[in-house]
Asker: 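Shown below is the structure under consideration.
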Amino acid sequence: MRPNYKALGVYLLGVFIGALDTNVLGPVFPVIARSFHVNLEIAAWTVTAYTVAYIASTVLAGALGDRLGHRKVFVWGIILFAVASITAALSREFALFVIARIVQGAGAGAVYPNGQAEGLKQFPPEKHGMALGMFGAVFGLASVIGPTLGGILGQVFGWPAVFIINLPIALIVLAMLRNAPPSTVVPRALPDWVGGASFSAGLASILLVIMGQGIIRLVFFILAVFFFGLMIWRQKVAKTPFLDSKPLMNKAGVAMMIGAALIGLDMSAAIFVPALVQSDLHFSVLQSGLALLPAAFTGALLAGAGGIMVDRMGAKKILAVGLVAAGVGAVLLAWPHLTFFRFILAMMALGLGTAFTMGAPLNRLALDLYKTDQAGEALSLMAVFRATGLAAGPILLTAAKVVHGFTGMYGTVAIASVIGALVFMVVPEHRPGMRTSLAQKG
C-alpha cells in the first residue's frame, strides 16, 4: 500500500478547522464580551461551553465512527461545525451565541477522532506514525497562525469574521471529500446510546466541577456521580456496551490514562507563560502575547519529524524524549532569576516536548491497545484523558504557585513530566508488520 497524501490532506484540513478555532478566538474575546454587554467572567463560559461539548462528544463520535464509518461521521461533524460557526457569527443574543458555541464544540469533537482514524487508513501501518505526526503538526501550525489571524480578522472585519472564515474552509473540505476513497466499515452493532449519552454527560459534569466555583461544583459533582453510575450499570447490562473498557482495565491501560492526563497537565502550563514573562522579564502585554511563539514554532516544525521517528524507533522512546524535554524546559522556567536566554531555551524545550508527546507517540500507543476497527474509540479516549489533564492543570498549577510562586508552578510541571516518563515504561508496544495489535493477539 502506498501512502495517499491527497486523501490525507482532506482530513488534515478538516482537523485544522477545529484546531484553529481554539486559537483564533483569543484576540477578539474582549470585543465579543463588549458586543454582548457581558463581563469577561461571563463571556469566558463560551470557551468552557465549547470545551465541554468538544470533550463530551469526542468519545461518542469516535465510537459511532467505528461502526458507521469514520468518513460519514467526519462529514457530519464538518457540517455541524460550519452551521454553528455561521450561527455564532450572526448571533445578536448572548444565549444564542453560547448555544452555537456548544454545537460548534460538538461538531469539532466529531471531526477530530474520525479525521485521524480515516486519515490513518490512507497510510500503511508502518507509516502510521508519520500520518499521526502530520496531524500533530496541524495543531502546532494552528497555534502559531491562530492568534495572528484572529487579530487581523477582528481588527479589519470585526469579531464575526473569526467564525465566518470557517465556512469556506468547510466547503473546501466537503468538496475535496468527493474524490477521497470511500470509508471501509466492519459491520458491527451500534453501541448502547444510553451508556454513550451517560458517559458524555458525566464527562461534561466532571469538567464543570473542575472549571466551576461554589455551589456549581457541588451540583455538577452530584450529576457526575449519577451519570457515571448509570454508564457503569449500562456497561454491565447492555447487549452492546458503549465502551470497550477491557483494554483500559489492566496495568497498561491505567498507565495510558494517567500518562495522557499528565501530558495534558504539562500543556496547560503554557497559559501561564505570559504572566511569568511579565513578572520576571518585565515584558509588555503585547510582548508577552508573543512569548509562546518559540515553543509553537518548535512544536509545529518537529511534530512531523516525531511521527517519522515513531515509525523507526517506537513510540515509547519518542515519548520519553518528549517528556524529558518538557521536564528540562519546566526546570529552566522554575529556576529563580529567569533570564531571556534561559527563557528561549525553555520554550524550545517545551516545544520539543509538545511535538514528541501530544500527537503521534501517545496516539500510536493507544492504537496498540485496541483492535484495528476500534481506532476511533482509541484516539478519542486519549483525547479525553489528555483534555481532562488540560482542564485540571490550571487549578493544580495555580495552587502550586500560591505555595512557592512560579518556581512551585513549573517545578510541578517538571515532576509531572518525570512521572509521565516512568508511567509509560509499563505500556507495551509493537512495531507495525511484526504482529497484530495487542487487542487482537488473543
Side-chain angles (χ1 to χ4, degrees), residues 15 18-19 22-23 47-48 50-59 62 105 108-109 112-113 116 132 135-136 139-140 142-143 202-204 206-211 248 253-273 292 295-296 299 303 306 315 318-320 322-327 329-330 333 349-366 369 378-400 409-424 427:
V15 170
T22 60
N23 296 279
V47 178
T48 301
Y50 178 93
T51 304
V52 169
Y54 170 82
I55 294 175
S57 70
T58 296
V59 176
Y112 173 74
Q116 284 205 105
L132 289 170
F135 281 104
F139 279 91
S143 70
L203 284 174
I206 282 292
L207 287 173
L208 290 168
V209 169
I210 294 172
M211 299 175 179
L248 301 177
V254 172
M256 286 295 295
M257 291 188 285
I258 295 173
L262 289 172
I263 288 174
L265 185 148
D266 281 2
M267 293 168 58
S268 73
I271 66 175
F272 299 104
V273 168
L292 285 168
I318 305 304
L319 262 177
L323 286 164
V324 169
L333 294 180
L350 290 173
L352 172 63
T354 299
F356 281 16
T357 57
M358 188 184 77
L362 178 65
N363 289 334
R364 186 54 174 273
L365 285 182
L369 288 180
L379 293 170
S380 59
L381 281 169
M382 287 306 106
V384 165
F385 298 137
R386 185 174 58 235
T388 302
L390 188 62
I395 296 174
L396 298 174
L397 295 180
T398 50
M409 173 182 286
Y410 286 99
T412 300
V413 174
I415 294 171
S417 300
V418 172
I419 294 174
L422 295 174
V423 162
F424 282 114
V427 180

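Below, each value reflects all heavy atoms present in this structure, side chains not excepted, and no hydrogens, waters or symmetry copies. Position 1 is the first residue of the sequence, and the numbers go up from there.
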Asker: Which value, rounded to the nearest 0.5 Å, describes the distance between L379 atom CG and L132 atom CG?
Answerer: 7.0 Å
Asker: Give, for atom CD1 of I55 and atom OG1 of T388, the distance between the pair rounded to the nearest 0.5 Å.
Answerer: 6.0 Å
Asker: Can you list the steps and then say if L319 with V427 is a side-chain contact (heavy atoms from CB on, under 4.5 Å)?
Answerer: CA-CA 11 Å; L319 262 177; V427 180; over 6 Å; no
Asker: For the residue pair A414 and A330, what are the closest heavy atoms and their distance?
Answerer: N-CB, 3.6 Å
Asker: Looking at side-chain heavy atoms only, is the closest gap between L362 and M256 below 4.5 Å?
Answerer: yes
Asker: Do you know the tightest heavy-atom contact between L350 and A326?
Answerer: CD2-O, 3.5 Å
Asker: Quick check for you: to the nearest 0.5 Å, what is the distance between M382 atom CE and I263 atom CD1?
Answerer: 9.5 Å
Asker: Looking at CE of M267 and CG of L265, how far apart are the two atoms once the value is rounded to the nearest 0.5 Å?
Answerer: 11.0 Å
Asker: Quick one: are N363 and F135 in side-chain contact, heavy atoms under 4.5 Å?
Answerer: no
Asker: List the atom of A416, the atom of D266, and the distance in Å for their closest heavy-atom pair.
Answerer: CB-OD1, 3.8 Å
Asker: For a quick test of reading the model, state the closest non-hydrogen atom pair linking T58 to A383 and the distance between them.
Answerer: CG2-CB, 4.2 Å
Asker: Distance from T357 atom OG1 to L262 atom CG, nearest 0.5 Å?
Answerer: 11.0 Å
Asker: Measure the CG-CD1 distance between L422 and I258 for me, rounded to the nearest 0.5 Å.
Answerer: 12.0 Å
Asker: What heavy-atom pair brings G62 and S380 nearest, and what distance separates the two atoms?
Answerer: CA-OG, 4.1 Å
Asker: Would you check if the side chain of Y410 reaches a backbone N or O of A269 as a donor-acceptor pair within less than 3.5 Å?
Answerer: yes
Asker: For the residue pair G109 and S57, what are the closest heavy atoms and their distance?
Answerer: CA-OG, 3.3 Å
